[in-house]
Each structure stands twice: as structure tokens, then as C-alpha cells.
Amino acid sequence: MGNIPPTTPTVVINSVLPPAKENIDVELPSGLISNRTYDILKWGAIIGLPSIATFIVGLGGIWGIPYAQQVAYTVTAVGVLLGGFLGVSSIKYNSK
């Protein structure tokens with residue numbers, strides 16, 4: 001049947017837990033993303049995506065690239081959506 005590696009025995013420990021309290025205060029993390037990730041996403045929403053959209057429209061006009069304007073509008077819409085999410089996240093983070 002081939003070489004079968006030996007198995008390690010499993011140890012099961014039964015413990016007695018104290019009764020659960022009805023009102024438990026749980027501290028949630030202050031944010032879902034790190035500060036560095038937030039800064040990178042913010043830079044992308046404010047600088048990166050609008051720059052890419054402008055670049056696409058510019059080259060599309062010069063070279064006659066089809067659907068360049070629609071692609072640029074889509075990139076801009078993604079940037080606005082990302083900026084909105086980051087703005088809400090910032091407001092929630094600073095209110096704590």
C-alpha cells in the first residue's frame with residue numbers, strides 16, 4: 001500500500017467553563033483595515049484613479065481608441081465609490 005506515515009494520537013481535554021454572563025462587553029477592532037492600507041486606498045481614490053481616467057481620455061482622443069470615454073467614466077465612478085467608502089470609514093473611525 002505504500003509508505004503511510006505514523007499518526008499522532010489526539011488528546012481531548014474536557015474542561016468546565018464558567019456560566020456565561022448575559023451582558024458581555026466586547027471591544028471591536030477600531031478599523032477593518034490598517035492605517036497603511038487606508039492611506040494607499042485613499043491615494044488611489046484621490047490621485048491614482050482620476051489620473052488614469054484622464055490618461056485614458058487623452059490617449060483615446062489622440063489615437064481614436066474605441067470606448068475610451070466609457071472606460072474613463074467607469075474608472076472615475078470606481079474612484080468616487082472608493083472615496084465614498086473611505087469617507088464613511090474615516091467618519092466612523094474618528095467618532096470613536
Side-chain angles (χ1 to χ4, degrees):
M1 292 216 141
N3 294 336
I4 299 174
T7 59
T8 306
T10 304
V11 177
V12 178
I13 300 174
N14 293 326
S15 64
V16 178
L17 298 175
K21 296 179 183 177
E22 290 194 23
N23 295 325
I24 299 175
D25 292 331
V26 177
E27 185 175 333
L28 297 175
S30 60
L32 296 176
I33 58 176
S34 70
N35 288 340
R36 178 164 168 71
T37 303
Y38 174 82
D39 291 340
I40 291 170
L41 290 174
K42 183 178 174 183
W43 180 89
I46 293 173
I47 305 292
L49 291 175
S51 298
I52 292 170
T54 303
F55 181 75
I56 291 170
V57 168
L59 285 184
I62 294 170
W63 294 99
I65 299 172
Y67 305 108
Q69 194 170 19
Q70 289 86 345
V71 171
Y73 287 160
T74 304
V75 170
T76 302
V78 170
V80 170
L81 181 65
L82 181 60
F85 285 147
L86 291 172
V88 169
S89 175
S90 177
I91 289 170
K92 285 186 176 183
Y93 180 81
N94 290 328
S95 68
K96 291 184 178 184

Under 3.5 Å, side-chain donor or acceptor atoms of residues 81-90 against the rest of the protein: list the pairs with distances, not counting sequence neighbours.
unit_1 : atom_1 : unit_2 : atom_2 : d
Ser90  : OG     : Asn94  : ND2    : 3.3

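In terms of hydrophobic clustering, with Ile, Leu, Val, Met, Phe, Trp and Tyr side chains grouped at heavy-atom distances under 4.5 Å, Val75 and Phe55 are assigned to different clusters. In terms of hydrophobic clustering, with Ile, Leu, Val, Met, Phe, Trp and Tyr side chains grouped at heavy-atom distances under 4.5 Å, Ile52 and Val71 are assigned to a common cluster. Residues Leu49 and Val57 do not share a hydrophobic cluster, defined by chaining ILVMFWY side chains whose heavy atoms lie under 4.5 Å apart.
For residues 42-51, no residue pair satisfies the side-chain hydrogen bond (donor to acceptor under 3.5 Å, both in side chains) rule, not counting sequence neighbours. Residue pairs meeting the side-chain hydrogen bond (donor to acceptor under 3.5 Å, both in side chains) criterion with at least one member in residues 53-79, sequence neighbours excluded: Gln69-Tyr73.
For the residue pair Ala68 and Gly60, the shortest heavy atom distance occurs at CB-CA, 3.6 Å. Contact record, Gly79 with Ala45: O-CB, 3.9 Å, taken as the closest heavy-atom pair.
Remark: of the listed residues Asn35, Leu41, Ile40, Leu41 is the sole one forming a side-chain contact (heavy atoms from CB on, under 4.5 Å) with Thr37.
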